[in-house]
There are 2 protein chains.
Amino acid sequence: MATLKDVARLAGVSIATASGALNRQPRVKETTRSKVLDAAALLKYRPNGIARDLKTQRTDTIAVFLHDLGGPFYSELMRGIQDMAEKYGYAAIAGRGTGDNNRTWTRLLLEGRVDGAIVMDPEMPDQIIRGSAGDSLPIVVLDRQLTTPHSFIVGTDNVGGACQATNHLLDAGASTVAFVSGPAQTYDSIMRYRGYEKALLDRGVPLDRRFIFQGNFTEQSGVLAAQAMVLQGGLPDAVFAANDEMAIGILSGFRAHGVEVPRDCLLVGFDDIRLAQYVTPSLTTVRQPMYELGTVATEVLFKSLQGERSGEPIILKTELVVRDSSRRVR
Amino acid sequence: MATLKDVARLAGVSIATASGALNRQPRVKETTRSKVLDAAALLKYRPNGIARDLKTQRTDTIAVFLHDLGGPFYSELMRGIQDMAEKYGYAAIAGRGTGDNNRTWTRLLLEGRVDGAIVMDPEMPDQIIRGSAGDSLPIVVLDRQLTTPHSFIVGTDNVGGACQATNHLLDAGASTVAFVSGPAQTYDSIMRYRGYEKALLDRGVPLDRRFIFQGNFTEQSGVLAAQAMVLQGGLPDAVFAANDEMAIGILSGFRAHGVEVPRDCLLVGFDDIRLAQYVTPSLTTVRQPMYELGTVATEVLFKSLQGERSGEPIILKTELVVRDSSRRVR
DNA sequence: CTGTTAGCGCCTTCAC
DNA sequence: GTGAAGGCGCTAACAG
């Protein structure tokens, strides 16, 4: 690979001048500049980013750690992050946070190969995030309550959204509403449960433990929850699932047992993944503004990178999207 | 941030010794080693990865460029890649290939911040890949026919899979089979069309242009294709969609017009995304071994990184997964 | 306007 | 077994 030294030699200038020319410093004369540019083109010169990063002590790159890089849920989030990062002249790269690959995390964050990070992975322990965020390495977390002097919170209104969803089901005439949660310890799931609980309490509807089911955010766990409901007899009037993938699993599980949504049971999910509107019946759900979540998270990160210190959590509004799965048929 | 020099000073040894101790070189005495380790722990020392990369001229990192980071399709692929990369001691990071963000591409590949790459993004121009692959930067492409001295092909048997799908529909009694393609220029879509065409020709079924529809791999385009079919009258007996997301759109579009699958029309997709089995009716599709695709691609990449030069494309077998959407009801 | 110099933080011969 | 010195490729003072 051609190096700056090679270019300088070929152009007959010093290495510093070559550098200046390539970096558009106004001080170099136009004629020498073009000489350098020609030489660079001839040699197919490409600057070595690593050397530059070392010298400048910045990488102009942020990392994004997600739980499941291919999950239907993260597409818009990444678009938001990338678009905003581009605007600031940064690159954004993504990695899976968990799994055996603490290696990726180590390399990027602990060994300083990025300037900051955004994390949305419920399985990532607080401890690791806390231990990584530092003076020159801000981290924005999207799925938990965690502030350190160098980490920041951006999230969506899980409680409000869940509350709205539950109220919607009650308004539709349901008197028993089941809840299918995500993994017990995940922040998002806990908050959604709180919203559910709150809505019931506000309306004076008793909380019935037999209608609380635990899933793990996968379609498969939705199927199992549906089975459990059918088998225990006494189907609820409505089900609120803590995410859309489980809701879709529930749809499928119900159908396998001849239970039809919304005729026999209403159903609401959470997230509004793209497929929600294409399943049958189309799925009522609580939309999270994922693209915006991405852009806002990125902006918070950059503000911190520029020295601003405002630790105020930012909570984005959710929106109930009513579709067929919760429309009472008559 | 504490640096190696700080650790050395605190431990009362030279930089070289500190380095050797931390890198488990056998030459340093056990006692001094632990002295250094203590000092490092005390200072919360973390090696600077960038400096190491510069010195060693390698990053132990590979990049993965995908079209849509959150697409339902890439989850397993990334798992395969990451698992294999970990096994070799490498980190894998992902970026979106296209969009305005040539920045990510530039930074990672052209400026040498990774050792190799895997690309699966139909919108990425051949030219860019060709211009980036180099002696020390092998690239494995998963979605096109492109070999240079430093790029390699791993793919799935699109033609065979499409052929199998089409034959399956013909076997089920369909005499007219429509095809809904992806974007005109994408390799995967073209190959799947070829398989479709081949199956029809082999069976002496005439190819009817009125049954060829162009989509763009999104659910929405599937909906539109379904509408077009209904409106033009003369529904085909069966539809083969070039991917599952379009198939799901078709399902939805048909339903909106009272067309029921599989009663009125059979349907087969391609990919076997996770949701395929949860929609109604469950979707018959051609499974691509995505996890394996990831592991194999990664292995090819590492072989090349270690100097092996075998340009033979590797084509993985697909598998027809028969579900309800193509089961003739009677 | 251009060249010389001094590192960024680390690894690695080479002497001692 | 340990230390001193050089350099990976680049940028940014500081001189000239």
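Numbers restart at 1 for each chain; the letters A, B, ... are given by sequence-line order, proteins then strands. Bear in mind the structure is a predicted one, so any value in this text is a computation, not a measurement.
Remark: the backbone N or O of A:G294 is paired with a side-chain donor or acceptor of A:T298 at under 3.5 angstrom. Side-chain atoms of B:D83 never come within 3.5 Å of backbone atoms of B:G80 as a donor-acceptor pair (strictly under, hydrogens ignored). The backbone N or O of B:D188 sits nowhere less than 3.5 Å from a side-chain atom of B:T186 that would complete a donor-acceptor pair.
One can place CZ of A:R113 at 12 Å from C1' of C:dC10, the figure rounded to the nearest angstrom.
Using modelled atom types, one finds a donor on one side chain and an acceptor on the other under 3.5 Å when comparing B:N216 with B:T218. For the residue pair B:T59/B:D53, the side-chain donor-acceptor check at 3.5 Å is not satisfied.
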Worksheet item: With the sugar-phosphate defined as primed atoms, P, OP1 and OP2, and the base as all remaining atoms, what B/S/- string results for nucleotides 7-16 of chain D, 5' to 3', for protein heavy atoms under 4.0 Å?
Response: BBBBBB-B--
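Side chain of A:V13, nearest nucleotide from C:dG3, D:dT2, C:dT2: C:dG3.
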